[in-house]
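These numbers were taken from a predicted model, which means no experiment stands behind them. Order of the sequence lines sets the chain letters (A, B, ...), proteins ahead of strands, with each chain counted from 1.
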2 protein chains.
Amino acid sequence: MIELYLLEQLDAFHRYGTLSAAAEHLHLAQPSLSRSMQKLEAILGVILFERQKNRLTLNKTGILAAEYAARLLDNAVEMERRIHLFDKSLHTLTIGSCAPGPLMKILPPVTGAFSDFTISSTIESEELLLQGLRTAAYQLIILSHPIKSNDIVCQEYLTEHLYLSVNTFHPAAIYHSIKFEQADGQNFIMYAKVGVWEQIVRNKMPNARFLKQEYLDAVGELANSSDLPSFSTNITMEELPSRKTNRVNIPFSDKEAQITFYLIYLKENTARFKRFLSTINQE
Amino acid sequence: MIELYLLEQLDAFHRYGTLSAAAEHLHLAQPSLSRSMQKLEAILGVILFERQKNRLTLNKTGILAAEYAARLLDNAVEMERRIHLFDKSLHTLTIGSCAPGPLMKILPPVTGAFSDFTISSTIESEELLLQGLRTAAYQLIILSHPIKSNDIVCQEYLTEHLYLSVNTFHPAAIYHSIKFEQADGQNFIMYAKVGVWEQIVRNKMPNARFLKQEYLDAVGELANSSDLPSFSTNITMEELPSRKTNRVNIPFSDKEAQITFYLIYLKENTARFKRFLSTINQE
DNA sequence: ATCACTTACGGGTGACGTAAAAATC
DNA sequence: GATTTTTACGTCACCCGTAAGTGAT
């Protein structure tokens, strides 16, 4: 069987036109290439080059061979890439959620239970999440509504409540609860990746403006250093205790301010998740 | 770059299940395979096997890799095959004819003029010849009628006359010419690959029977040792002088007993054939 | 005891580098 | 003189085989 290193060298010669140039790019000495090309002809039993004293050129067969070689090398590289990708997928758990809250909540126990896996997580639209679950881009997704399907398992996870988060001097700080309507028209600091929450607050407070922050840290810091209102939830208050210091959190009383999230995964992955998810729900 | 010999060994292990069996088929010692498989994992940076003390099995990644390997190896052999084929085509001149006469006539000068080529020739139906010319299966074809086309060159070659060939005791031996009608109803010895001639004699002598001989030699010998009539032509008489000894050759006088043949090749091959074909016609 | 895999050791092929020569620009 | 190819020669890597060891059936 012909070996790939020879085809690599042929390909390089084809690309760069001379043995010297090819050798340069391959980090080899020219004589090695000269010999390799002779060897290639011997192995194939075919003349690939026209030889002048000072010049080596591919003949028609040589050009054809070089083109085939390039294709084969591409295939080889692609093969390696796919093997790596597949292997990685076997050791990676990708979780997608339509909101950051339940993700925050689930990541610690997941990293614990799947300690030999790389955990990767994303906030994404519900539509793409469901697609991604089918294409194995996600192994576990979190949606704001249940899914019924033969090949899917769906279980209720938790309910998140939205709060208005203001500093103590804010006029609303004295309320025990508030309606979206009352909070409308202000400028809010908002984390950029709040997922489904964004449509809700935009719909319910059509006159409000939202200053989106890409980084979660920045949201907290900005909120503390400015008088602008922001949002928090039962989950963020639990997971990020700093959200409670120096801030007053007032629950929105509208029914839209509560979302129940569902854990969803393919039935074929049941064995993988069952034990873990049962412990989750016991908490 | 990963080398193909490693993939061959992986493929063999995948096929045969154990290192020993694979080694047997590859004509290698087991330890070599054992090391190669370890090396493969090292190169790819991926675990391909599950190792028990006494047993080696491919894991999921390993199976995937073996499947890719098989594909890549297939591609490699296919590539070699195509290169050989292409190279061969560059040094092979394939001539197809719809009748053996003009082929006999043209082969000697062709082999002389293209002495560094392998000459390959076939008798084939006119339809397939024309197809083959387009697909480069033939570089030169000989048909019984001219072809007009933008990308094709066509030139008249020669005219062949059909003769009835009988021994001296045959009743027809006294004629100077004969019509198909007069010869009908007899049993003829006929070469199997007479191409277009076959339809002609069958049409013009519907009551005759034809004893087809695969080998040209057999036709001559049978004709000499039996009293059965056979066929000859101005060309066979010239190229195969034995056809004239002890036989009487009587020309058929019907117009269908004459065929003019045409040399036909692709315009792109003009440079290749022009000089040669001009010398041919001067004779 | 046989089979299957791994590790250890030694050998020979061959892939590569350096040096030098020939030829062209 | 600079560049390009080829040949010659030495070296080192590495691929393979043999031998020996371990564990399983």
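Residue A:Thr18 places its side chain closer to D:dT5 than to any other of C:dC16, D:dT5, D:dT18. The side chain of B:Ser32 has D:dG17 as its nearest neighbour among C:dT6, C:dC16, D:dG17.
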Exercise for the section: Run the numbers on B:Glu78 and B:Arg82 for salt bridge (charged side-chain N to carboxylate O under 4.0 Å, His left out), then give the verdict. Expected result: CA-CA 6 Å; B:Glu78 177 64 11; B:Arg82 299 245 186 118; 2.8 Å; yes
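At the heavy-atom level, B:Glu3 lies nowhere under 4.0 Å from the strands shown. Across all strands, B:Leu33 comes closer than 4.0 Å to no nucleic acid atom at all (heavy-atom distances).
Residue-to-nucleotide contacts include no donor-acceptor pair under 3.5 Å from the side chain of A:Arg35 to the base of C:dG14. A donor and an acceptor atom never sit less than 3.5 Å apart when one is taken from the side chain of B:Arg55 and the other from the base of D:dG23.
The distance from atom OH of B:Tyr5 to atom P of C:dG14 is 14 Å, rounded to the nearest whole Å. For the pair B:Glu50 CD and C:dC5 P, the interatomic distance rounds to 14 Å; values are reported in whole Å. Straight-line distance from the CZ atom of A:Phe13 to the P atom of D:dT4: 11 Å, rounded to whole Å. Between the CD atom of A:Glu24 and the C1' atom of D:dT4 there is a distance of 14 Å, given to the nearest Å. Taking atom CZ of A:Arg51 as the reference point, atom P of C:dT24 lies 16 Å away to the nearest angstrom. Counting to the nearest Å, the P atom of C:dT7 and the CE atom of B:Met37 are 14 Å from each other. A:Ile43 places its CD1 atom 10 Å from the P atom of C:dG14, with the value rounded to the nearest Å. One interatomic measurement links the two molecules: CG of A:Leu19 to C1' of C:dC16, which rounds to 15 Å at whole-angstrom precision.
Ranked by how close their nearest DNA chain D nucleotide is to the 5' end, A:Gly17 and B:Lys39 are led by A:Gly17. Closest-nucleotide positions on DNA chain D for A:Pro31 and A:Asn54 were compared, and the one nearer the 5' end corresponds to A:Asn54. Each of A:Lys53 and A:His27 has a nearest nucleotide on DNA chain C; the 5'-most of these lies closest to A:His27.
In terms of phosphate contacts, B:Gln30 brings no side-chain nitrogen or oxygen within less than 4.0 Å of OP1 or OP2 of D:dA20. Here B:Gln52 does not reach the OP1 or OP2 of C:dC3: none of its side-chain N or O atoms lies under 4.0 Å away. Under 4.0 angstrom from either OP1 or OP2 of D:dT7 there lies at least one side-chain N or O belonging to A:Gln38. Phosphate contact (OP1/OP2 of D:dT6, side-chain N/O of A:Ser34, threshold under 4.0 Å): present. When the side-chain nitrogen and oxygen atoms of B:Ser20 are compared with OP1 and OP2 of C:dC5, one or more of them lie within a distance under 4.0 Å.
In this model, no donor atom of one side chain and acceptor atom of the other lie less than 3.5 Å apart for B:Thr260 and B:Glu156.
From B:Leu56, atom CG reaches atom OG1 of B:Thr18 across 9.5 Å, with rounding to the nearest 0.5 Å.
Side-chain contact between A:Pro31 and A:Arg35 is present, with heavy atoms from C-beta onward closer than 4.5 Å. By the 4.5 Å heavy-atom criterion applied to side chains, A:Tyr138 and A:Thr122 are counted as neighbours.
The neighbour count for A:Asn150 CG, taken as heavy atoms of other residues, nucleotides or ligands under 6.0 Å away, does not exceed 12.
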